[in-house]
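Notes to accompany the following structure.
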Amino acid sequence: MTRMVVKTLDGTEWPLAIDVTEYRHVMGDTRTARAIRFDLESGNLPSLPRRGRSGERWRIPVAPLLERLGVAYAIGPAGEP
């Protein structure tokens, strides 16, 4: 099975969904993880549904974040140009 990723024009590959720690890296956000989770809970950041088990991590889709930053991207198989 081919793993799909989000690719920026500079060749950086991101998974389709990331967690709070990776979000801080993608967006350059210096806030605490707790502050970011609060934004997720309040609906200020796009998120995918949690899987229902307690303690399950938030999943944040990468494509809408890149759109907010104005970064061009494509979705395709991992490791291909």
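All residue numbers in this chain count up from 1 along the given sequence.
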| field | Considering all heavy atoms, the nearest Ser47-Pro61 contact | value |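 Residues Ser47 and Pro61, closest heavy atoms: CA-CD, 3.8 Å.
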| said: On a heavy-atom basis, which atom in Leu40 and which in Pro46 lie closest, and how many Å separate them? | reply: CD2-O, 3.9 Å
Less than 4.5 Å apart, side chain to side chain, heavy atoms only: is that true for [X] and [Y]?
{"X": "Leu48", "Y": "Ile60", "answer": "no"}
{"X": "Val62", "Y": "Tyr73", "answer": "no"}
{"X": "Tyr23", "Y": "Arg31", "answer": "yes"}
{"X": "Trp58", "Y": "Asp19", "answer": "no"}
{"X": "Lys7", "Y": "Ile75", "answer": "no"}

| For the side chain of Glu13 and the backbone of Gly79, is there at least one donor-acceptor N/O pair under 3.5 Å apart? |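 Present.
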| Any donor and acceptor pair, going by atom type alone, linking the side chain of Ser42 with main-chain N or O of Phe38 inside 3.5 Å? | yes
| message | Using the side chain to side chain contact (heavy atoms under 4.5 Å, CB included) definition, which of the options Leu65, Ile36, Leu45 pairs with Met27? | response | Leu65
Please say yes or no: joined through hydrophobic side-chain contacts below 4.5 Å, possibly via intermediate residues, are [X] and [Y] part of one cluster?
{"X": "Leu16", "Y": "Ile18", "result": "yes"}
{"X": "Val20", "Y": "Leu69", "result": "yes"}
{"X": "Trp14", "Y": "Val5", "result": "no"}

| said: Can you tell me how far apart CD (Glu22) and CZ (Arg59) are? Round to the nearest 0.5 Å. | reply: 12.5 Å
